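Single-structure report; data block below.
Computed from a predicted structure; not experimentally measured. Whatever order the structure lists them in is the order used to number ligands and atoms, beginning at 1. Numbers for residues simply follow the sequence, beginning at 1.
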Amino acid sequence: MLEGKDLISLHDLSADEIEEILALAAELKAMQKAGVEHHILEGKTLGMIFEKSSTRTRVSFETGMYQLGGHALFLSNKDLQIGRGEPIEDTARVLSRYLDGVMIRTFEHEKLVKFAKYATIPVINGLTDLLHPCQVLADLLTIREHLGKNLKGLKLAYIGDGNNMANSLMYGCAKMGMDFVAATPEGYEPDRGVVKNAKADAEATGALVMLTHDPAEAARDADILYTDVWVSMGEEAEREKRRRDLAGYQINRGLLQFASKRAMVMHCLPAHRGEEIAADVFEEHADMIFDEAENRLHAQKAVMALLMG
Ligand code: CP
Ligand code: NVA
């Protein structure tokens, strides 16, 4: 179903396709833990273009490709001719002649879309200013492991900046029938176009997509509390303003009182203790948060196997 496709946005996938990825991710995770070889992508090469920093994405894609029997190439924009102005459409056509798939982390989402338009191999979004779908696939896998396979009807509350993580979680929840509520300050709401699309997706699955400025309202009876940094990559110049504006949009003990007793606390990492999450809450939920980080590996292996297999 997914063979040869791109992964640009979860909005482009059906719920069945997301299910397929999650099911294979769980299978590959079990195989890896049992030491069973799974060289599904033997002889294949993934290019990984990074225009921003990364710890998890880089290491999980590279290791994942190795475990699948293939090879991954780290390509920094500082070294590629893109950095000297070679057009994205030429880069996409050239790399398509060598590689079996490309993962890109960049700033403008449109750049990724343009690359995918000219590439003839699967293109995977490794984060843009707008979306981070690979993270959300790992998140859904983690939620299933902790709260059970049936995602439908669960409530996820996102607290903080309405950024690429908020946008992607909104898509993931709407597709899988989970209620999504984001609490952000005024002026920090998620992307309008994403909200519109996610509401349409949610209508089909009976889920709720809601925005508020009140963290307590969002957190009420939530099964999952999720947050991400107040200052994303590329926004460093706004650091002080953002810290002022987002103060109060923190996951802490006080906010947890409103959530379900069994509520999960999630963070895509890297975390800034004392900003979007209190240090004690982070440490109390650290096992879960690092399971989430680990699941990047398993979810992305499934994505690569299905797209590039
Ligand atoms: N969560 C995430 O994408 O981490 P990196 O920026 O380290 O890849
Ligand atoms: N919103 C963050 C996510 C990092 C994984 C950023 O874009 O920097």
Side-chain angles (χ1 to χ4, degrees), residues 7-10 25 46-65 72 74-77 102-112 124-143 156 158-172 182-185 188-191 194 224 226-239 241-243 245-246 249-251 265-273 275-277 282 285-286 288-301 303-304:
L7 174 57
I8 306 283
S9 164
L10 294 180
L46 175 81
M48 310 186 296
I49 302 177
F50 283 92
E51 299 201 318
K52 288 175 172 172
S53 304
S54 170
T55 297
R56 281 144 288 269
T57 305
R58 177 183 174 178
V59 178
S60 56
F61 266 106
E62 190 163 335
T63 306
M65 203 54 196
F74 174 72
L75 304 166
S76 158
N77 69 315
V102 176
M103 181 245 92
I104 308 179
R105 167 169 288 198
T106 188
F107 293 86
E108 307 87 5
H109 189 73
E110 284 319 307
K111 200 167 175 179
L112 168 72
I124 300 170
N125 182 353
L127 180 147
T128 65
D129 289 346
L130 187 72
L131 297 171
H132 195 7
C134 290
Q135 179 67 53
V136 173
L137 290 170
D139 296 341
L140 294 174
L141 182 64
T142 313
I143 293 168
L156 185 146
Y158 177 89
I159 313 295
D161 180 25
N163 59 16
N164 43 12
M165 277 314 309
N167 293 333
S168 292
L169 285 163
M170 197 186 313
Y171 273 155
T184 69
Y188 291 85
E189 291 85 0
D191 181 82
V194 171
I224 303 121
Y226 200 115
T227 191
D228 181 22
V229 291
W230 290 344
V231 184
S232 283
M233 290 181 277
E235 296 173 342
E236 290 77 8
E238 297 171 24
R239 170 160 281 278
K241 179 177 165 34
R242 286 180 159 268
R243 284 175 73 162
D245 293 348
L246 282 139
Y249 290 81
Q250 182 191 69
I251 298 185
V265 172
M266 299 183 77
H267 195 308
C268 60
L269 303 176
H272 289 71
R273 293 162 174 81
E275 292 191 11
E276 76 277 0
I277 191 161
F282 183 92
H285 295 84
M288 193 177 288
I289 292 169
F290 293 111
D291 278 352
E292 182 186 358
E294 180 190 326
N295 281 336
R296 292 291 304 277
L297 172 69
H298 309 299
Q300 286 156 201
K301 280 168 73 180
V303 168
M304 292 189 287

Atoms in ligand 1 flagged as close to Thr55, the criterion being non-hydrogen separation under 4.0 Å: 5 (P), 7 (O), 8 (O)
Trace of the side-chain contact (heavy atoms from CB on, under 4.5 Å) decision for His272 with Trp230: CA-CA 9 Å; His272 289 71; Trp230 290 344; over 6 Å; no
Nitrogen or oxygen atoms of Ser232 and ligand 2 under 3.5 Å apart: yes
CA sep, side-chain torsions, deciding dist, call: Thr57, Met103, side-chain contact (heavy atoms from CB on, under 4.5 Å): CA-CA 10 Å; Thr57 305; Met103 181 245 92; 3.9 Å; yes
Ion pair check, Arg56 and Glu292, cut-off under 4.0 Å: no
Shortest non-hydrogen contact from Ile289 toward Val265: CG1-O, 3.6 Å
Ligand 2 atoms in contact with Asp228 (distance to a heavy atom under 4.0 Å): 1 (N), 2 (C), 3 (C)
Ligand-side contact atoms (ligand 2) for residue partner Leu127, heavy atom cut-off under 4.0 Å: 3 (C), 4 (C), 5 (C), 7 (O)
Selection from Arg58, His132, Arg56 by shortest heavy-atom distance to atom 3 (O) of ligand 1: His132
Distance (rounded to the nearest 0.5 Å) between Asn125 CG and His109 NE2: 6.0 Å
Whether Ser168 side chain and Leu131 backbone form a donor-acceptor pair below 3.5 Å: no
No-hydrogen, no-angle side-chain donor-acceptor test under 3.5 Å, Asn167 and Tyr158: no
Residue, atom name and distance, where the atom is the protein heavy atom closest to atom 6 (O) of ligand 1: Arg105 NH1, 2.8 Å
Nearest-0.5 Å distance that lies between atom OG in Ser232 and atom CZ in Arg242: 6.5 Å
Part of Asp161 within contact of ligand 2 (heavy atoms, under 4.0 Å): neither
Contact atoms of ligand 2, heavy-atom distance to Asn164 under 4.0 Å: 1 (N), 2 (C), 6 (C), 7 (O)
N or O pair under 3.5 Å between Arg105 and ligand 2: no
Proximity of Asp129 to ligand 2 by residue part, where a heavy atom lies under 4.0 Å: neither
For Gln135, atoms of ligand 1 separated by under 4.0 Å from a heavy atom: 1 (N), 2 (C)
Straight-line distance of Leu246 CG to Glu275 CD, nearest 0.5 Å: 9.0 Å
Any Leu269 heavy atom less than 4.0 Å to ligand 1: yes
SB check Asp129 Lys52 (cutoff 4.0 Å): yes
Minimum non-hydrogen distance to atom 1 (N) of ligand 1, winning option of Pro270, Cys268, Ala293, Ala138: Cys268
Proximal ligand 2 atoms for Asn163, defined as those under 4.0 Å from one of its heavy atoms: 1 (N)
Leu269 near ligand 2 by a heavy-atom separation under 4.0 Å: yes
Nearest non-hydrogen protein atom, atom 8 (O) of ligand 2: Met233 N, 2.8 Å
Taking atom 2 (C) of ligand 1 as the reference point, the nearest protein heavy atom with its distance: Arg296 NH1, 3.3 Å
Met233 and Arg105: CA distance, side-chain angles, deciding distance, side-chain contact (heavy atoms from CB on, under 4.5 Å) verdict: CA-CA 11 Å; Met233 290 181 277; Arg105 167 169 288 198; 3.5 Å; yes
